Amino acid sequence: MSYSVGQVSAFAGVTVRTLHHYDKAGLLSPSDRSHAGYRLYDDADLVRLQQILFYRELGFSLDEIAAILKDPQANAVEQLRARQRQLSEEIARLQRLAEVAERAIEVQQTGVALTPQERFDVFGEITFDLSYATEAELKWARSDGQREAMTRAAAHTKDDWRQLMGEAAAWRAELLAAFDEGEPHDGERAMDLAEEHRLHVSRWFTSCPPDMHRRIADDFVADPRAFALVVPPSQQRPGLAAYMCRAVHANAARHAAGRADSEEGNR
């Protein structure tokens, strides 16, 4: 039995233009033509169209579909397995995004509502980049520390935020002074400033052992948005993020050496 382009379009749920495109691309050419020159599709053509639509639904490109249909025994299983892996990864990524959205809703519902003026008064030049916050949440979504930090941040009152931002501003002034005065990153002053930052994170957000602090500091160098949460761009200097990162690593090494000495003393 033969079917016209209009009939195939109707019961396959594709446009006539799409069928013409498949024909032009050599992906699905009708098996026959009417006396008037109109395209006519037979049952075998419809089976091929079903295969095309199936692979399109899975996200395959037309070139990939053409390759599969050209030699289905050689390509189909391998291609489907690869697509299955990609789809599983995408499903996991979307699930994490859904969790991020849910947490953001919770923060908005339980957090402190601030007017624009109050927000500036509390946070000053420190701004929270939503794209970075989303990526960070995805990166650390399975971390107990991230969940604790989100929960505690949502519970902070306006006065809490004022206090912690005041502490951060005082610490930042000391960091800038140490950097401007040429203090070595592995000197006592710089390492003590790194330790103050670690304790600040622990006090206000989540327990921050030295190894976790190193990972946070690595982000300062890798992503300017992360360091902007600590030092606003207007106060930054070239090399300051790297200086802070090295000071954190030096402080973590100091902690490790202290533990080793303590263990040796207990033997």
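Sequence positions, counted from 1, serve as the residue numbers for this chain. Keep in mind that this is a model prediction, so the values were computed, not measured.
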Separation between [atom1] of [X] and [atom2] of [Y], rounded to the nearest 0.5 Å:
X      : Y      : atom1 : atom2 : value
Leu28  : Leu69  : CG    : CG    : 9.5 Å
Met244 : Leu240 : CE    : CG    : 9.0 Å
Gln235 : Leu175 : CD    : CG    : 10.0 Å
Glu90  : Leu87  : CD    : CG    : 8.0 Å
Thr15  : Leu19  : OG1   : CG    : 6.5 Å

Next on the checklist: Does Leu62 form a side chain to side chain contact (heavy atoms under 4.5 Å, CB included) with Arg56? I'd like the steps, not just the answer.
Outcome noted: CA-CA 8 Å; Leu62 294 185; Arg56 285 295 285 163; 3.6 Å; yes
Would you confirm whether [X], through its side chain, and [Y], through its main-chain N or O, come within 3.5 Å as a donor-acceptor pair?
X      : Y      : result
Trp171 : Glu196 : no
Ser9   : Val14  : yes
Gln7   : Ser4   : yes
Glu64  : Ser61  : yes
Ser202 : Arg198 : yes

Next on the checklist: Applying side chain to side chain contact (heavy atoms under 4.5 Å, CB included) to His21 and Leu27, what does each step give before you reach the verdict?
Outcome noted: CA-CA 9 Å; His21 179 64; Leu27 194 60; over 6 Å; no
Checklist entry - Given Asp42 and Tyr3, is the side chain to side chain contact (heavy atoms under 4.5 Å, CB included) satisfied, shown in steps? => result CA-CA 6 Å; Asp42 62 17; Tyr3 307 90; over 6 Å; no
Item to check | Asp219 vs Phe227, side chain to side chain contact (heavy atoms under 4.5 Å, CB included): CA-CA, chis, key distance, verdict | outcome: CA-CA 7 Å; Asp219 268 358; Phe227 193 55; over 6 Å; no
Closest non-hydrogen atom pair between [X] and [Y], with its separation:
X      : Y      : result
Pro224 : Ala222 : CD-O, 4.1 Å
Arg172 : Val231 : CD-CA, 3.7 Å
Ala190 : Ala247 : O-CB, 3.9 Å
Ala178 : Leu193 : CB-CD1, 3.8 Å
Ala177 : Arg189 : CB-NH2, 3.7 Å
Asp218 : Cys245 : OD1-SG, 3.5 Å

Within the 4.5 Å heavy-atom criterion, are [X] and [Y] side-chain neighbours or not?
X      : Y      : value
Gln50  : Leu46  : no
Tyr55  : Ile68  : yes
Leu164 : Trp161 : yes
Tyr41  : Asp32  : no
Leu49  : Val8   : yes

According to a hydrophobic-cluster definition based on side-chain heavy atoms being under 4.5 Å apart (Ile, Leu, Val, Met, Phe, Trp, Tyr only), do [X] and [Y] belong together?
X      : Y      : result
Leu199 : Ile216 : no
Ile91  : Phe60  : no
Leu53  : Phe11  : yes
Leu176 : Val230 : yes
Leu40  : Val16  : no

Are side-chain N/O atoms of [X] and [Y] paired as donor and acceptor at under 3.5 Å?
X      : Y      : answer
His213 : Glu195 : no
Arg48  : Gln51  : no
Asn251 : His197 : no
Ser31  : Asp45  : yes

Next on the checklist: How about CD on Glu181, more than 12 heavy atoms from neighbouring residues, nucleotides or ligands closer than 6.0 Å, or not?
Outcome noted: yes
Checklist entry - Which word best sums up how the rings of His185 and Tyr243 line up, parallel for under 30°, tilted for 30 to 60°, or perpendicular for over 60°? => result perpendicular
Checklist entry - Within 45° of the six-membered ring axis of Tyr38 and under 6.0 Å from that ring's centre, is NZ or CZ of Arg33 located there? => result no
NZ/NE/NH1/NH2 to OD/OE distance under 4.0 Å, [X] and [Y]:
X      : Y      : value
Arg254 : Glu188 : yes
Arg246 : Asp186 : no
Glu167 : Arg162 : no

